[in-house]
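First the structure, in the form of structure tokens, and then the observations on it.
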2 protein chains.
Amino acid sequence: MADVARLAGVSSQTVSRVSNGYAGVNEETRQQVLEAMRELGYRPNSAARALKRGEFRTIGVITFGLSSTGNVRTLEAIATSAAQEGYAVTLLPVAVPTQDEVRGAFSRLGELAVDAVIVIMEVHLLDAVTISLPPHVQVVVADSDAGDSYTVVDTDQAGGSRAAVRHLLDLGHRTVWHLAGPEESFAAQRRTDAWRAELVEAGREAPPLVRGDWSAESGYRAGLVLADRPDCTAVFAANDQMALGLLRALHEQGRYVPDDVSVIGFDDIPESGSFLPPLTTVHQDFAEVGRRCVAGVLRQMHLDVPERGTTLVPTRLVMRESTAPPRMDQAH
Amino acid sequence: MADVARLAGVSSQTVSRVSNGYAGVNEETRQQVLEAMRELGYRPNSAARALKRGEFRTIGVITFGLSSTGNVRTLEAIATSAAQEGYAVTLLPVAVPTQDEVRGAFSRLGELAVDAVIVIMEVHLLDAVTISLPPHVQVVVADSDAGDSYTVVDTDQAGGSRAAVRHLLDLGHRTVWHLAGPEESFAAQRRTDAWRAELVEAGREAPPLVRGDWSAESGYRAGLVLADRPDCTAVFAANDQMALGLLRALHEQGRYVPDDVSVIGFDDIPESGSFLPPLTTVHQDFAEVGRRCVAGVLRQMHLDVPERGTTLVPTRLVMRESTAPPRMDQAH
DNA sequence: CCATCAGATGTTTACGTAAACATAACAGCA
DNA sequence: TGCTGTTATGTTTACGTAAACATCTGATGG
């Protein structure tokens with residue numbers, strides 16, 4: 001900066017003013033400074049800036065793996081929105097979703113150059129974690145339960161699940177089976193709860209729960225079991241991957257979808273329109289979740305006050321070809 | 001830091017020494033300092049550290065979208081390896097893969113707190129881009145052509161493609177059709193080139209090229225065309241998503257896989273084992289690509305000299321149920 | 001018994017920036 | 001003419017840290 005100032009024949013403070021676009025600099029001077037910057041290839045030093053300003057213009061994102069489509073899409077939206085606001089995004093992957101690991105990530109974060117934190121994690125660990133963060137570092141949690149400790153942005157899991165169940169009941173199915181996600185997952189739990197609630201409200205019997213682990217493989221295994229139940233005419237799978245495995249198992253066992261069994265998924269991953277048959281599913285707006293996370297965290301930063309409460313992003317039922325009314329002899 | 005020093009009754013320099021784990025500090029003093037740190041909740045200020053040390057301990061990752069499975073898995077491995085080395089990862093998503101956008105990302109990077117850059121981008125734009133980076137910022141490119149400008153880490157696209165084609169020829173197919181990825185993609189181009197080369201070397205005629213855009217939907221459209229060609233008994237799809245769409249189209253048109261048509265994919269996404277039928281495909285080791293990117297970039301940083309040349313990560317053929325010998329009347 | 005040396009700790013300084021304050025030049029106005 | 005206010009610019013300082021150098025203490029050995 002001093003070099004630029006010397007070359008432009010001004011003080012370093014003026015260079016600073018130009019570099020930050022402040023008013024009150026003569027246009028002519030400004031041009032000279034800009035010219036000098038170009039000539040010397042000057043770049044502001046962000047470390048010094050951060051030190052002086054006391055902020056890093058960076059948001060940290062803690063996420064358990066990038067394996068799930070949802071996490072990734074949310075992350076992408078976060079990175080994009082953050083960039084628009086002039087913030088960078090620093091990634092903190094957590095290998096295993098244990099409390100220790102998460103706490104470890106938070107403590108590493110303490111030493112990290114970060115003004116705020118967004119946690120994308122579907123496991124319900126956060127309320128229990130004693131998190132120690134530098135003061136004024138705001139937190140927003142996506143996809144999880146955070147008790148009343150933090151702002152939470154999430155997809156409307158319950159609404160989506162209920163819509164899925166209702167759709168199947170409306171088609172005339174006596175009841176709807178549920179292929180649930182893993183017990184540890186908070187999202188899975190809420191989908192299961194909503195499935196059961198919707199059935200109960202409709203006065204239907206809830207069949208026994210079948211559980212997978214989100215993977216297509218686990219959906220396949222569950223499908224082999226379900227294919228043996230002739231009374232199973234409609235299945236709500238807690239995600240599209242498991243629905244994919246389910247479709248394969250049913251096909252192999254000679255149970256036709258949707259004629260014999262209707263299947264509905266959750267997520268609407270890009271591939272689900274190409275399944276056999278194309279999958280009816282609940283669309284999640286991950287991008288919106290990401291955007292709201294960033295908006296929330298920035299709002300908190302400006303106010304410098306943590307907010308509480310949950311924002312729900314609505315879902316949308318996407319009709320394709322994997323659901324149909326039950327055969328006449330099985331109808332309600 | 002001064003507060004900690006005062007409380008511990010030492011100089012700030014000693015606190016610095018403890019905080020950095022330097023030797024030459026009396027054990028007793030060390031404990032006092034640590035105690036004082038705990039009591040005051042002291043956290044080193046990373047901005048000041050970066051300013052003083054002249055390095056940020058951060059790697060920037062430029063990527064075009066997080067839509068492709070490969071990019072994401074590579075990114076995940078990068079973040080994990082980087083964390084192990086004590087480096088943070090800052091994300092720079094580029095919305096559109098145009099030269100301007102990429103150049104823009106690089107220039108934003110210039111103001112960013114980053115010691116090195118990894119570019120994950122399958123489009124071949126980089127050689128043309130006049131990149132202006134701060135001095136001593138090293139670059140590694142994954143998945144792309146970078147001319148001779150940078151270190152490149154990539155999957156052995158050619159080897160994998162050749163293995164796929166050879167597998168189908170070995171099964172007895174007269175020739176192998178190819179469902180290619182988009183023209184702009186460097187990876188797609190290399191897969192196509194290798195497919196053609198392998199056929200030529202085996203003395204076979206290369207059928208006309210069918211092109212998709214990586215999406216399952218485009219695979220479906222291509223599949224409708226291919227299903228009409230009775231001479232098409234084996235297809236090498238440039239990725240698993242397109243293979244998925246292809247499977248659906250063939251199924252709808254009454255062409256059975258693998259009896260009538262063999263299909264092989266590329267990538268080995270987690271779902272491909274649950275396709276109908278489970279997909280034979282070429283496994284890519286994205287994690288290894290990510291690890292090598294980080295290793296490469298750190299090596300360059302320590303040497304402070306850019307390296308050139310390409311590292312290829314080998315692939316592996318994963319046999320499942322979508323490939324089989326052709327029917328007798330179609331055999332070679 | 002003192003020179004020498006190693007280990008432990010303190011003092012000074014600079015990293016690059018921007019806020020706060022200071023100064024200078026000049027226009028408007030009574 | 002001198003006062004006030006505005007605009008443009010310069011000077012000083014502090015952000016938190018760690019390298020470089022300085023100092024102090026006590027032990028070792030001839």
Side-chain angles (χ1 to χ4, degrees), chain A residues 1-37 39-58 86 88 109-115 134-137, chain B residues 1-37 40-58 86 88 109-115 133-137:
Chain A
M1 197 158 100
D3 295 341
V4 174
R6 206 169 310 121
L7 181 59
V10 299
S11 75
S12 67
Q13 183 54 44
T14 300
V15 176
S16 169
R17 282 191 265 256
V18 170
S19 148
N20 287 292
Y22 287 166
V25 177
N26 193 309
E27 184 53 30
E28 196 180 334
T29 318
R30 227 176 68 80
Q31 289 307 328
Q32 275 169 23
V33 171
L34 288 174
E35 175 55 33
M37 283 179 171
E39 191 160 328
L40 297 176
Y42 166 81
R43 297 176 182 283
N45 177 311
S46 41
R49 254 189 193 177
L51 176 59
K52 188 70 191 144
R53 298 209 267 227
E55 60 167 33
F56 304 97
R57 307 232 91 201
T58 296
L109 209 51
E111 301 174 11
L112 228 58
V114 153
D115 301 313
H136 308 293
V137 169
Chain B
M1 196 158 101
D3 296 340
V4 174
R6 207 170 307 119
L7 181 60
V10 298
S11 76
S12 68
Q13 183 54 44
T14 299
V15 177
S16 170
R17 282 192 264 256
V18 170
S19 144
N20 286 292
Y22 286 168
V25 177
N26 192 308
E27 184 54 30
E28 196 181 334
T29 317
R30 229 175 68 79
Q31 288 308 327
Q32 276 171 22
V33 171
L34 288 174
E35 174 55 33
M37 281 179 173
L40 296 175
Y42 166 80
R43 296 177 184 281
N45 177 309
S46 41
R49 261 193 186 171
L51 176 58
K52 189 67 190 141
R53 298 210 267 227
E55 60 166 35
F56 305 98
R57 308 232 91 201
T58 296
L109 210 50
E111 301 175 12
L112 228 58
V114 153
D115 301 312
L133 277 176
H136 307 291
V137 170

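Chain letters run A, B, ... following the sequence lines, proteins first, then strands; residues in each count from 1.
With dG16(C), dA18(D), dA18(C) as the candidates, the nucleotide lying closest to the side chain of Gln13(B) is dA18(D). Picking from dG10(D), dA19(C), dG16(D) the nucleotide with the shortest atom distance to the side chain of Lys52(A) gives dA19(C). In this structure, the nucleotide among dT9(D), dA18(D), dT17(C) sitting nearest to the side chain of Arg53(B) is dA18(D).
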> Under the side-chain hydrogen bond (donor to acceptor under 3.5 Å, both in side chains) criterion, do Gln31(B) and Glu27(B) qualify, and how do the steps go?
Replying inline: CA-CA 6 Å; Gln31(B) 288 308 327; Glu27(B) 184 54 30; 2.9 Å; yes
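Contact record, Ala8(A) with Ala36(A): CB-CB, 3.9 Å, taken as the closest heavy-atom pair.
In terms of position on DNA chain C, the residue among Thr14(B) and Ala48(B) whose nearest nucleotide sits closer to the 5' end is Thr14(B).
For the pair Glu39(A) and Asp3(A), the minimum side-chain heavy-atom distance is 4.5 Å or more. In this structure the side chain of Thr14(B) reaches within 4.5 angstrom of the side chain of Thr29(B), judged on heavy atoms. Proximity of Phe56(A) to Ser46(A): side-chain heavy atoms (C-beta onward) are nowhere separated by under 4.5 Å.
Taking atom CE of residue Met37(B) and atom C1' of nucleotide dT17(D), one finds them 12 Å apart after rounding to whole Å. Protein atom CE of Met1(B) is 13 Å distant from nucleotide atom C1' of dT13(C), rounded to whole Å. Rounded to an integer number of Å, the gap from Arg6(B) CZ to dT11(C) P is 13 Å. As a whole-Å value, the separation of Glu55(B) CD from dA19(D) P is 11 Å. Rounded to an integer number of Å, the gap from CG of Leu51(A) to C1' of dA18(D) is 13 Å. In this structure, Phe56(A) places its CZ atom 11 Å from C1' of dC15(D), rounding to the nearest Å. Protein atom CZ of Arg49(A) is 9 Å distant from nucleotide atom C1' of dA18(C), rounded to whole Å. The separation between Asp3(A) atom CG and dG16(C) atom P is 9 Å, rounded to whole Å.
Near-neighbour residues of DNA chain D inside residues 15-34 of chain B, defined by a heavy atom below 4.0 Å, number-ordered: Ser16(B), Asn20(B), Tyr22(B).
The side chain of Ser12(A) contributes no N or O atom lying less than 4.0 Å from OP1 or OP2 of dG10(D).
Axis angle between the ends of the helix from dC1(C)-dG30(D) to dA30(C)-dT1(D), five pairs each and rounded to 10 degrees, works out to 50°.
Going from atom OG of Ser19(A) over to atom CZ of Arg49(A) covers 4.0 Å, rounded to the nearest 0.5 Å. To the nearest 0.5 Å, atoms CE (Met37(B)) and CZ (Arg43(B)) are separated by 12.0 Å. Here the OG atom belonging to Ser11(B) is positioned 8.0 Å from the CE atom belonging to Met1(B), to the nearest 0.5 angstrom.
For Asn26(A) (side chain) and Glu28(A) (main-chain N/O), a donor-acceptor pair under 3.5 Å exists by modelled atom type.
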